[in-house]
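Here's the structure, in C-alpha cells; my notes come after.
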Amino acid sequence: MDQDPEFVELKPKVVFVDQLVHLWIQALRSKDVTLQRRAAESILIAKQRGINVIEQTHDVLIELISTYNR
C-alpha cells in the first residue's frame, strides 16, 4: 500500500494490412486529385513508420508524376 505499482510502458505496434497497397494504387489511379494526394501522403506516412510500400507503388507514383509534369 505504501508503494506505487510498477509501471510497464507498452510500445505501440504498427500493423499493416496488405490490402492497403491495392487500395492506394486504386486511389492513385483515380481521377480525383484530392484522393490521389491523400493516397500519396498515406504512402509517405507508412514509409516514415517503417513500412516499405514504395517498391509496390513506385511505378504508379512515377506514372502519376509524369502526367502532371507535362
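None of these values were measured; they are calculated from a predicted model.
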Should [X] and [Y] be counted in the same cluster of Ile, Leu, Val, Met, Phe, Trp and Tyr side chains packed under 4.5 Å apart?
X	Y	result
V21	I62	no
L23	V17	no
I54	L20	yes

Which residues satisfy the side chain to side chain contact (heavy atoms under 4.5 Å, CB included) test with D32, sequence neighbours excluded?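 Listed in chain order: S30, T34, L35.
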
Using 0.5 Å steps for rounding, measure from the CD atom of E63 to the CZ atom of R29.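 It is 5.5 Å, given to the nearest 0.5 Å.
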
For the student: nearest non-hydrogen atoms of A46 and W24, plus distance: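 Taking every non-hydrogen atom into account, CB-CH2, 3.8 Å.
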
How close do A40 and L61 get, counting heavy atoms only, and between which atoms?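 Result for this residue pair: CB-CD2, 4.5 Å.
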
Residue pairs, two or more places apart or on separate chains, that pass side-chain hydrogen bond (donor to acceptor under 3.5 Å, both in side chains) and touch residues 42-59: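 Listed once each, the pairs would be none.
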
Non-neighbouring partners of E41 that pass side chain to side chain donor-acceptor pair (under 3.5 Å), sequence neighbours left out: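 By the side chain to side chain donor-acceptor pair (under 3.5 Å) rule, E41 matches R37.
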
Heavy-atom distance under 4.5 Å between the side chains of I43 and L28, does that happen here?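 Result yes, sub-4.5 Å side-chain heavy-atom pair found.
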
